[in-house]
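One structure is given below, encoded as structure tokens.
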Number of protein chains: 2
Amino acid sequence: MNFEQLGHIIRERRNELSYSQEVLSDKSDVAIKTIHSIELGKANPSLKTLDKVLGVLGLELIVVSKKD
Amino acid sequence: MNFEQLGHIIRERRNELSYSQEVLSDKSDVAIKTIHSIELGKANPSLKTLDKVLGVLGLELIVVSKKD
DNA sequence: TTTTAATAAGTATTATATTGCCGAATCATT
DNA sequence: AATGATTCGGCAATATAATACTTATTAAAA
């Protein structure tokens with residue numbers, strides 16, 4: 001789970017819901033600037049920020065054993 | 001996945017490996033203060049910090065659909 | 001009890017995430 | 001082409017995560 005992958009997942013889900021970044025920003029109470037940085041993989045968000053964004057998208061983080 | 005649950009998962013896995021917080025700190029290159037704050041659910045870590053800690057423990061974050 | 005290892009927590013400093021404001025770039029629609 | 005909506009990105013200010021240092025607490029072992 002690197003930052004680029006995470007950004008793609010968020011962007012794809014956002015597009016599925018037909019939300020603009022601005023709408024997602026409003027719903028999640030996270031700045032649009034932060035959202036597009038996350039989507040581009042250029043951010044290192046805190047868990048709280050990431051949870052707010054994922055929550056609006058019906059997604060969540062879980063911890064699993066790493067398979068290598 | 002709230003902060004308390006995350007802390008418990010990390011602590012349990014750390015104990016399974018018989019790592020002290022100090023050893024986990026050294027291996028992950030994350031300050032011991034940060035680690036015990038995370039374990040107590042009193043931290044809001046960045047993804048990068050959390051990934052470093054989880055990586056040493058053989059764990060990783062993934063995004064899944066929220067079941068409600 | 002005394003000693004030692006481990007964990008918890010306060011304070012201060014540094015690093016960086018988050019934000020707002022702004023303009024530029026991209027893309028679709030007319 | 002022109003208009004409008006959306007996304008990208010720079011810059012500065014603010015909020016806060018991460019760290020080092022120190023002391024206290026807890027727990028276990030001698």
Side-chain angles (χ1 to χ4, degrees):
Chain A
M1 171 60 61
N2 60 39
F3 290 175
E4 289 79 11
Q5 294 174 328
L6 176 65
H8 286 132
I9 290 172
I10 290 174
R11 171 157 297 187
E12 285 180 6
R13 181 72 182 132
R14 177 174 65 79
N15 286 329
E16 283 177 8
L17 297 174
S18 297
Y19 290 167
S20 64
Q21 290 180 346
E22 188 179 12
V23 169
L24 179 55
S25 171
D26 291 341
K27 290 181 178 291
S28 62
D29 201 36
V30 171
I32 187 173
K33 181 76 181 288
T34 302
I35 288 177
H36 89 251
S37 293
I38 292 174
E39 288 192 355
L40 296 178
K42 295 180 178 178
N44 177 27
S46 70
L47 263 194
K48 204 174 294 181
T49 295
L50 189 53
D51 274 344
K52 288 195 288 187
V53 173
L54 292 177
V56 171
L57 299 175
L59 303 174
E60 66 179 345
L61 286 173
I62 64 172
V63 177
V64 298
S65 293
K66 195 188 301 182
K67 54 190 65 173
D68 45 357
Chain B
M1 171 60 61
N2 60 39
F3 289 175
E4 289 78 12
Q5 294 173 328
L6 176 64
H8 285 132
I9 290 172
I10 290 175
R11 170 156 297 187
E12 285 180 6
R13 182 70 183 130
R14 176 174 65 79
N15 286 328
E16 284 176 9
L17 298 175
S18 298
Y19 290 167
S20 64
Q21 290 181 344
E22 189 180 12
V23 167
L24 179 54
S25 171
D26 291 340
K27 289 181 178 293
S28 62
D29 202 35
V30 172
I32 187 172
K33 180 76 180 285
T34 302
I35 287 176
H36 90 252
S37 293
I38 292 174
E39 288 192 355
L40 296 177
K42 295 179 178 176
N44 177 27
S46 70
L47 262 195
K48 203 174 296 182
T49 295
L50 189 53
D51 274 346
K52 287 194 289 186
V53 173
L54 293 177
V56 170
L57 299 175
L59 303 173
E60 65 179 345
L61 286 172
I62 64 173
V63 177
V64 297
S65 293
K66 196 188 301 182
K67 53 190 64 172
D68 45 356

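Convention: sequence-line order gives letters A, B, ...; per-chain numbering from 1. In this text, all values refer to a predicted model and were calculated from it rather than measured experimentally. When reading the values below, keep in mind they use all heavy atoms of this one structure, side chains included, and skip hydrogens, waters and symmetry mates.
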(message) Could you walk me through whether L47(A) and L61(A) satisfy the side chain to side chain contact (heavy atoms under 4.5 Å, CB included) test, starting with their C-alpha distance in whole Å, then the side-chain angles of each, then the deciding distance to 0.1 Å, before giving a yes or no?
(response) CA-CA 9 Å; L47(A) 263 194; L61(A) 286 173; 3.6 Å; yes
(message) Using the rule given for side chain to side chain contact (heavy atoms under 4.5 Å, CB included), can you reason through L24(A) versus L17(A), listing the C-alpha separation, both sets of side-chain angles and the distance that settles it, and then say yes or no?
(response) CA-CA 10 Å; L24(A) 179 55; L17(A) 297 174; over 6 Å; no
Using the 3.5 Å cut-off, write out each protein N or O paired with an N or O of nucleotides 19-21 of chain D and the distance between them.
| from | atom 1 | to | atom 2 | distance (Å) |
| --- | --- | --- | --- | --- |
| dT19(D) | OP2 | A31(B) | N | 2.9 |
| dT19(D) | OP2 | T34(B) | OG1 | 2.8 |

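The nearest heavy atom of DNA chain C to N15(B) and to S46(A) marks one nucleotide each, and the one closer to the 5' end goes with N15(B). Taking the nucleotide of DNA chain C with the nearest heavy atom to each of K48(B) and K42(B), the more 5' of the two is matched to K42(B).
Going from atom CD of E12(A) over to atom C1' of dT7(D) covers 17 Å, rounded to whole Å. Separating the CG atom of L40(B) from the C1' atom of dT25(D) is a distance of 13 Å, rounded to the nearest angstrom. What separates CD of E39(B) from P of dA18(D) is a distance of 14 Å, to the nearest Å. Taking atom CD of E22(A) as the reference point, atom C1' of dT7(D) lies 11 Å away to the nearest angstrom.
Side-chain contact between L57(A) and I9(A) is absent, with no heavy-atom pair separated by less than 4.5 Å. Residues L6(B) and L50(B) meet the side-chain proximity criterion, which asks for heavy atoms closer than 4.5 Å. Side-chain atoms of R13(B) and Y19(B), non-hydrogen and from C-beta on, never get closer than 4.5 Å to each other. For the pair S28(A)/I35(A), a side-chain contact is recorded, criterion being any heavy-atom separation below 4.5 Å from C-beta on.
Salt-bridge check for K66(B) with E60(A): failed, with every basic side-chain N at 4.0 Å or more from each acidic carboxylate O.
Taking every nucleotide of DNA chain C with any atom under 4.0 Å from a non-hydrogen atom of chain A, the first and last of them, 5' to 3', are dA17(C) to dG20(C).
Dense packing is recorded around NZ of K52(B), with more than 12 heavy atoms of other residues, nucleotides or ligands lying under 6.0 Å away.
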